[in-house]
S.K.: 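Take this structure, written in structure tokens, and hold onto it; I'll ask about it next.
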Protein chains: 4
Amino acid sequence: MKNTVNHEKNDKHEQILRAAIKTFARKGFYNTRISDIAKEANVADGTIYLYFKNKDILLVSLFEESMNQIIQMVNERLSSITDPIEQLRAFIKIHFELIKKDKFLAEVISVELRQSNKFIKEYKNIKFKEYLNIISGIIRDAQAKGLVAKHLMPGIIKRMVFGALDELTLIWVLAGDSKYSIEKLCKDAAEVLINGIAIKK
Amino acid sequence: MKNTVNHEKNDKHEQILRAAIKTFARKGFYNTRISDIAKEANVADGTIYLYFKNKDILLVSLFEESMNQIIQMVNERLSSITDPIEQLRAFIKIHFELIKKDKFLAEVISVELRQSNKFIKEYKNIKFKEYLNIISGIIRDAQAKGLVAKHLMPGIIKRMVFGALDELTLIWVLAGDSKYSIEKLCKDAAEVLINGIAIKK
Amino acid sequence: MKNTVNHEKNDKHEQILRAAIKTFARKGFYNTRISDIAKEANVADGTIYLYFKNKDILLVSLFEESMNQIIQMVNERLSSITDPIEQLRAFIKIHFELIKKDKFLAEVISVELRQSNKFIKEYKNIKFKEYLNIISGIIRDAQAKGLVAKHLMPGIIKRMVFGALDELTLIWVLAGDSKYSIEKLCKDAAEVLINGIAIKK
Amino acid sequence: MKNTVNHEKNDKHEQILRAAIKTFARKGFYNTRISDIAKEANVADGTIYLYFKNKDILLVSLFEESMNQIIQMVNERLSSITDPIEQLRAFIKIHFELIKKDKFLAEVISVELRQSNKFIKEYKNIKFKEYLNIISGIIRDAQAKGLVAKHLMPGIIKRMVFGALDELTLIWVLAGDSKYSIEKLCKDAAEVLINGIAIKK
DNA sequence: AATGAATGAGTATTCATTCAT
DNA sequence: GATGAATGAATACTCATTCAT
């Protein structure tokens, strides 16, 4: 989030996006007023419309821009790993690192993504699919290397992996008093998911 | 809701609930108008308020009543199985059977549940927790019988299982042209999840 | 109120009227629901419409029937008095007696009469005018007998008298803990009003 | 309401208040729609809510602000008069002057005040009590100077005076074709009320 | 670019009234 | 006559969006 290339002092765009994330996380998309975001961002209501066409687009932009950064970072980190199983483990690790780094964003993505995919008109969340396809890419590679059974369909596995991680995200993010540490969640998730798909030697 | 005994086919309560499920599935909770539901249910707008206090409560009731039926059915079906691993397999099977039987309901639960948990004031989805606890109960039993490693926390596993199943629900329910059959989803899910947690012999 | 000629045991008409008076007094005409009155009267909502065309007519009937009884009683009591000044004194006395006897009715008449006169469509409160004209009749008689100055217009005086009495009604009726006794109000009112119009000897 | 200094002729606050007075006078509080007021004020419906929290508060503000001006003006005018009897006469005169100057306001205050006192939640019309207390103040002064009998209670007299004046207000304000001139009403009222309470020499 | 006052379309909910039983 | 479930018209209020400054 912080590794963006915006070096403007007065970066309203970023300012509004952060305020939107925080407010959507707290109140949800439909219960958030543009004026709530404006207040949080310390700008006038109208200013938001100078940077984002409307409320829907604000949420969409938030997804797009966040996913962009995440995807870039994930790809970078994975590029130095060759074993697909280790790549999957790393993917899971990075997922939880990101959640820890930006709880609000994690909450917005986890809670609002489904709704928006379906109900924000004309929106196909390409970036989200790209994120999911990192997983299926790893699976395919693993299958090619004989590490994962060929009959498991990568399109299904990627969703199961994401679903499992996303649900764990939720419990960490929604519980103020996290019963489970990020590290434990990460460790168990990696163990179960890798055991689940890897061919046993 | 009503203190009358509803044995009529023309049960307004049921009629409205079905209409709500269908409409929430199609348009989402926040984009559904009470008048949409009324039209779908072939009743007047005001009639809905004779059976449900308000729109929030309508969604909540929908969850409660549906989960009640589901939980009862799942428990019944699982009661005749003793091997916890087979119970888990059966649980997964039933999950997909239910989805197939009531696509609209599956969609509403999968898409709206998260939002409602957090944003419908004062709502603690006890029934949903009860559903999740069926899974953790199975896991605990399996651990007691030495079938699942003790260090895996049932509270985490239940969420991973649900998350994975729920995400698969989504792809089947949202894709008009299901690329994957329910049966394939069920089979892969069971395989991966059981492999993931079961101790390898 | 109690001297009506209804000797039916199950007099719904009277029952509803009493419930309406009580409820209008407590909540005001516009804030009273037909169902409130029905509940108070221990009848079904629909039953009210068997006795009164609609909510407006219920208020109107309430005025008409109450004023009828009041006028009849006042006329009866005044008929045995010949001195117009004493008649006025008696009128004032009776006014307060009535208030004391039926506080709820007094409150409804005092608080709702103005609104209804103006805003209930097509309603000309003839009975209320008849009540006022008792006062102007007394004044005219007094003027004929040289007890009240001729230049005072009975149409004005009747209103002043009513306005003064009505305002005192209000303070007694609205104050749960009446600071002033009915008797004191009555005595002062009679003194001031009679002194105000009678020619000093 | 607004923290801006309103010195413009085109003051929305004032504009809305005037429109509200006119519309409440014509149709009554409960029969007036916010959109009626908006139309009369030549603003959008929503604009009203920028200046007044809700419909109840609009009526309350109308009372408060009007009574404030009235009280200030009355006190000013009375301050130059020393004889309490003449003060009372002046008070009555001013009352009718105000009615003549703003018929709509007079009508709203006279017709809606009672209702609002009782049925607008949490509203204690302090300003109205302040207005009434001008009268009782005069009476007390007159009693101290031996001009009014001590046994008459100022708390009762103030109400009688107000009731009488208010009722006369009504007949002038409601009658399109005023049978009685303001001047005649004023003269008779002053004569009767002063005769009514002053000790005869 | 930034503001925030003004707009007015949009909707949940209420409640007087009806009418089948 | 009595009921009360059903109706649906009516409306206060909200809030995304615009635009004059």
Side-chain angles (χ1 to χ4, degrees), chain A residues 8 10 12-13 15-16 30-39 41-58, chain B residues 2-4 10 12-13 15-16 30-39 41-58, chain C residues 8 10 12-13 15-16 29-39 41-58, chain D residues 2 4 10 12-13 15-16 30-39 41-58:
Chain A
E8 303 287 336
N10 181 23
K12 292 262 166 58
H13 180 93
Q15 211 171 312
I16 292 166
Y30 286 101
N31 295 307
T32 291
R33 312 294 143 227
I34 286 291
S35 60
D36 295 335
I37 300 173
K39 192 171 295 174
N42 275 111
V43 299
D45 292 18
T47 304
I48 291 178
Y49 289 86
L50 298 176
Y51 293 88
F52 302 92
K53 190 171 183 301
N54 57 41
K55 195 184 165 190
D56 282 5
I57 294 298
L58 179 49
Chain B
K2 300 276 80 183
N3 51 357
T4 53
N10 179 22
K12 289 261 177 16
H13 180 91
Q15 211 171 308
I16 291 166
Y30 286 102
N31 294 307
T32 291
R33 310 293 139 229
I34 286 291
S35 60
D36 295 336
I37 299 173
K39 195 169 295 172
N42 273 110
V43 298
D45 290 20
T47 304
I48 291 178
Y49 291 88
L50 297 177
Y51 292 89
F52 302 94
K53 192 172 182 307
N54 58 40
K55 197 183 162 191
D56 281 6
I57 295 296
L58 179 48
Chain C
E8 303 286 335
N10 181 22
K12 292 261 164 59
H13 181 92
Q15 210 170 312
I16 292 166
F29 179 73
Y30 286 101
N31 295 307
T32 291
R33 312 294 142 227
I34 286 291
S35 61
D36 295 336
I37 299 173
K39 191 170 295 172
N42 274 111
V43 299
D45 291 18
T47 304
I48 290 178
Y49 289 87
L50 298 177
Y51 293 88
F52 302 92
K53 191 170 181 300
N54 58 40
K55 196 184 165 191
D56 281 5
I57 295 298
L58 179 48
Chain D
K2 301 274 81 182
T4 53
N10 179 23
K12 290 262 178 8
H13 180 91
Q15 212 170 308
I16 292 166
Y30 286 101
N31 295 306
T32 291
R33 310 295 138 227
I34 286 291
S35 60
D36 295 336
I37 299 173
K39 195 169 295 171
N42 273 111
V43 298
D45 290 21
T47 303
I48 290 178
Y49 291 88
L50 298 177
Y51 293 88
F52 302 93
K53 193 171 183 305
N54 57 41
K55 198 183 162 190
D56 282 6
I57 295 297
L58 179 49

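Labels below follow one simple rule: chain letters A, B, ... track the order of the sequence lines, proteins then strands, and each chain is numbered from 1.
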S.K.: Can you tell me how far apart CG (C/D56) and CZ (C/F29) are? Round to the nearest 0.5 Å.
M.R.: 4.5 Å
S.K.: As a test of reading the structure: which of F/dT3, E/dT17, E/dG4 is closest to the side chain of A/A44, going by heavy atoms?
M.R.: E/dG4
S.K.: Whole Å only: how far is the CG atom of C/D45 from the P atom of F/dT7?
M.R.: 16 Å
S.K.: Taking atom C1' of E/dA12 as reference, at what distance in whole Å does atom CG of B/N31 sit?
M.R.: 15 Å
S.K.: Starting from the 5' end of DNA chain E, give me the residue, B/Y30 or A/T47, whose nearest nucleotide shows up first.
M.R.: A/T47
S.K.: Looking at E/dA16, I'd like to know if its phosphate oxygens (OP1 or OP2) sit under 4.0 Å from a side-chain N or O belonging to C/R33.
M.R.: yes
S.K.: Heavy atoms from C-beta onward define the side chain here; which of F/dT7, E/dT3, E/dT17 lies closest to that of A/L50?
M.R.: E/dT3
S.K.: Does E/dA6 have OP1 or OP2 under 4.0 Å away from a side-chain N or O of D/Y51?
M.R.: yes
S.K.: For B/L58 and E/dA12, give me the distance from atom CG to atom P, rounded to whole Å.
M.R.: 11 Å
S.K.: Starting at atom CZ of B/F52, determine the distance to atom C1' of F/dA5, rounded to an integer number of angstrom.
M.R.: 15 Å
S.K.: Between C/N42 and D/Y49, who's closer to the 5' end of DNA chain F by nearest nucleotide?
M.R.: C/N42
S.K.: Just one of C/I48, C/V43, C/N42 clears the side chain to side chain contact (heavy atoms under 4.5 Å, CB included) bar with C/K12, so which one?
M.R.: C/V43
S.K.: Taking any heavy-atom pair under 4.0 Å as a contact, classify D/I34: base, sugar-phosphate, or nothing.
M.R.: sugar-phosphate
S.K.: Starting at atom CD1 of C/I48, determine the distance to atom P of E/dC19, rounded to an integer number of angstrom.
M.R.: 18 Å
S.K.: Measure NE2/D/H13 against P/E/dA6 and give the value in whole Å, please.
M.R.: 13 Å
S.K.: Within this structure, what is the NZ-CG distance for the pair D/K53 and D/L58, rounded to the nearest 0.5 Å?
M.R.: 13.0 Å
S.K.: Just list the side-chain donor-acceptor pairs under 3.5 Å for residues 31-38 of chain B, sequence neighbours left out, or say none.
M.R.:
{"residue": "B/N31", "atom": "ND2", "partner": "A/Y30", "partner atom": "OH", "Å": "3.0"}
{"residue": "B/N31", "atom": "ND2", "partner": "B/K27", "partner atom": "O", "Å": "3.4"}
{"residue": "B/T32", "atom": "OG1", "partner": "B/T23", "partner atom": "O", "Å": "3.3"}
{"residue": "B/T32", "atom": "OG1", "partner": "B/G28", "partner atom": "O", "Å": "2.7"}
{"residue": "B/R33", "atom": "NH1", "partner": "B/Y30", "partner atom": "O", "Å": "3.4"}
{"residue": "B/R33", "atom": "NH2", "partner": "B/Y30", "partner atom": "O", "Å": "3.1"}
{"residue": "B/D36", "atom": "OD2", "partner": "B/K27", "partner atom": "NZ", "Å": "3.1"}
{"residue": "B/D36", "atom": "OD2", "partner": "B/R33", "partner atom": "N", "Å": "2.8"}

S.K.: Searching all strands shown, indicate the nucleotide that pairs with F/dC19 (Watson-Crick or G-U wobble; both distances under 3.5 Å).
M.R.: E/dG4
S.K.: Using a cut-off of less than 4.0 Å, is there contact between a side-chain N or O of A/S35 and OP1 or OP2 of F/dC15?
M.R.: no
S.K.: If I take atom NZ in residue A/K12 and atom P in nucleotide E/dA1, what distance separates them, rounded to the nearest angstrom?
M.R.: 10 Å
S.K.: Within this structure, what is the CD1-to-P distance between C/I16 and F/dG1, rounded to whole angstrom?
M.R.: 10 Å
S.K.: Closest heavy-atom contact between D/N54 and D/Y49?
M.R.: CA-CE2, 4.0 Å
S.K.: Of all the nucleotides listed (F/dA2, E/dT7, E/dA16), which has the minimum atom distance to the side chain of C/K55?
M.R.: E/dA16
